[in-house]
Amino acid sequence: MTPGQGKRWGRAMTLAGEHQESGGATTPAAATEASAQPRRWVRPRSAPPQLDFPLVRNGLDYLASVVEHLDETESMVTHRDVKYAVLHLQAAVEVLLKARLMAEHWSLVFSDPHKATRKTLDEATLSSVSTEQAVTRLQNIAGVPITQKEGKALKNLTEDRNKLQHFGLTAPAPVIEARAGEVLDFLIRFIDDELLPRLGQEEKTEGEASLSKLRGGLASINTFVRERTNRIRGEVTREGAENRTIQCPECEQMALVLGESTGPAGELVRAACRFCAGRWEPEELLAYFLPEGQEEPSGLNACPQCGEWALGWGVRVLSDPMEEVAFCFACSVAFPSVAPCDRCGRPIDATGGTDLCGSCWEDAVEDPSDYGYSEDQW
């Protein structure tokens with residue numbers, strides 16, 4: 001409250017007190033003076049909140065804005081949404097590439113590392129690298145795999161952003177949105193594989209939590225899904241892994257690749273989704289693909305090849321995604337011709353023309369009347 005406001009407030013309270021002491025009677029002069037003074041209280045201004053956006057948090061916040069603008073489940077994506085998605089996606093790229101360079105060495109974020117000083121870094125007054133410089137240093141110094149196609153997508157995004165920011169851009173919105181989808185695809189993989197594993201535990205935990213919140217929105221962005229799915233299928237095809245790539249029960253994308261591999265931190269991974277980055281063990285996957293009514297694994301889940309109780313039912317495989325088949329999560333093999341026994345449910349080879357396993361067939365033939373035969377005919 002300013003001194004002037006305090007005076008007006010105090011004078012109004014004095015007049016009110018005089019009114020009460022006079023038994024409610026108010027003189028014309030007092031009434032006129034009271035009505036001329038506004039009886040209001042103004043809240044004192046508090047200190048402005050402190051901005052708290054360190055490097056990685058800042059980049060992920062830009063990324064959250066991109067998801068909000070391109071999320072088609074919330075509302076129709078407008079030209080304005082695409083515009084701000086491009087601007088904020090480029091900002092996210094710049095910040096997160098620098099964060100990875102910082103993890104390598106802080107001097108690499110300077111446009112001229114020979115002029116790098118801690119003082120200018122701490123004060124954020126440095127002349128920092130461009131996106132093109134950052135990509136080159138990440139490739140040549142940090143050994144980060146950035147393909148020619150990804151580099152071109154990053155360059156196109158930079159050009160689109162510069163036009164929007166400094167002059168203006170007239171171009172088909174779907175083209176710009178598709179370009180943004182390519183970069184978004186690259187950036188999520190970059191964060192998962194290259195950035196988060198190199199952060200301190202507290203910052204890594206915060207980053208993983210932020211990224212986890214974004215994944216639902218990311219999956220709803222059509223261009224993101226299309227670009228990421230196409231890239232993943234291309235990778236899987238080149239690796240010859242279509243017959244061991246299944247539909248992920250978490251994100252429902254045909255991107256869960258089985259077979260032992262090594263994660264970014266050198267850990268052994270049995271199954272990893274290349275779309276949502278989920279990691280799975282065979283027994284976890286089996287819980288999603290048990291036959292209806294079955295609660296625990298049993299002989300019904302015995303794999304015909306390895307014998308492990310890891311055979312799931314109703315699995316979609318990339319090599320033939322329209323069919324649901326039996327699939328072993330232990331040996332990563334699909335069994336299109338295997339079906340459950342009509343009597344006990346155990347897996348059998350259905351190509352032989354029988355719907356019963358050997359044990360059930362033996363039990364059945366002991367009572368020919370089950371099949372409409374008399375004992376004399378038998």
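Just so you know, these numbers use all the heavy atoms, side chains as well, and skip hydrogens, waters and symmetry mates. These figures come from a predicted structure and were not determined experimentally.
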Is the Y288 to W280 ring centre distance short of 6.0 Å?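 Close enough - the centres of the two rings lie under 6.0 Å apart.
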Is it true that Y84 and Y62 have ring centroids separated by less than 6.0 Å? no
So does [X] have more than 12 non-hydrogen atoms from other groups sitting under 6.0 Å from [atom1]?
| X | atom1 | value |
| --- | --- | --- |
| E250 | CD | no |
| H166 | NE2 | yes |
| E159 | CD | yes |
| R118 | CZ | yes |

Could you tell me whether the side chain of [Y] reaches within less than 4.5 Å of the side chain of [X], counting heavy atoms only?
| X | Y | result |
| --- | --- | --- |
| L164 | R161 | no |
| L101 | W106 | no |
| L311 | P304 | yes |
| T229 | F275 | yes |
| L318 | N243 | no |
| R137 | V129 | yes |
| L60 | I191 | yes |
| L258 | F329 | yes |

For the residue pair [Y] / [X], report whether a side-chain donor-acceptor contact shorter than 3.5 Å exists.
| X | Y | value |
| --- | --- | --- |
| Q294 | N301 | yes |
| T120 | T125 | no |
| T158 | E94 | no |
| Q201 | T205 | yes |

Distance (rounded to the nearest 0.5 Å) between [X] [atom1] and [Y] [atom2]:
| X | Y | atom1 | atom2 | value |
| --- | --- | --- | --- | --- |
| D81 | D71 | CG | CG | 10.0 Å |
| S332 | I246 | OG | CD1 | 9.0 Å |
| R231 | E182 | CZ | CD | 11.5 Å |
| Q133 | F110 | CD | CZ | 13.0 Å |
| R100 | L108 | CZ | CG | 9.5 Å |
| I232 | T245 | CD1 | OG1 | 9.5 Å |

Testing the basics here: between [X] and [Y], what is the closest heavy-atom pair and its distance to 0.1 Å?
| X | Y | answer |
| --- | --- | --- |
| K98 | V109 | O-CG1, 3.5 Å |
| G59 | A92 | O-CB, 3.7 Å |
| C276 | C273 | N-SG, 3.4 Å |
| G151 | I146 | N-CG2, 4.1 Å |
| A272 | R279 | CB-CD, 3.8 Å |
| R244 | G259 | NH1-CA, 4.2 Å |

Start with the C-alpha gap between D185 and T223, add the side-chain angles, then the distance that decides, and say whether side-chain contact (heavy atoms from CB on, under 4.5 Å) holds. CA-CA 9 Å; D185 170 53; T223 54; over 6 Å; no
Honestly curious: do [X] and [Y] fall in one hydrophobic cluster under the side-chain, below-4.5 Å linking rule?
| X | Y | result |
| --- | --- | --- |
| L285 | M254 | no |
| V325 | V333 | no |
| L300 | W309 | no |
| L290 | F335 | no |
| F186 | L89 | yes |

Given E323 and V317, is the side-chain contact (heavy atoms from CB on, under 4.5 Å) satisfied, shown in steps? CA-CA 8 Å; E323 296 293 329; V317 184; over 6 Å; no
Chi angles and distances behind the side-chain contact (heavy atoms from CB on, under 4.5 Å) call for D160, R179: CA-CA 9 Å; D160 291 339; R179 290 179 184 174; 3.0 Å; yes
Using only atom types and a distance under 3.5 Å, with no angle test, would you say the side chain of S107 pairs donor to acceptor with the backbone of A116?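 No, because the side chain of S107 does not come within donor-acceptor range (under 3.5 Å) of the backbone of A116.
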Whether the side chain of S212 engages the backbone of E208 through a donor-acceptor N/O pair (distance < 3.5 Å, no angle test) should be reported.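 It does not hold such a pair.
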Electrostatic pair [X]-[Y], nearest N-O below 4.0 angstrom:
| X | Y | result |
| --- | --- | --- |
| K119 | E123 | yes |
| E206 | R57 | yes |
| R189 | E150 | yes |
| E194 | R198 | yes |

Kindly determine whether L256 and Q247 satisfy side-chain contact (heavy atoms from CB on, under 4.5 Å), including the steps that lead there. CA-CA 6 Å; L256 180 56; Q247 186 176 37; over 6 Å; no
Is there a salt bridge (Lys or Arg N to Asp or Glu O under 4.0 Å) between D192 and R274? Walk through the geometry before answering. CA-CA 10 Å; D192 276 330; R274 300 189 185 181; over 6 Å; no
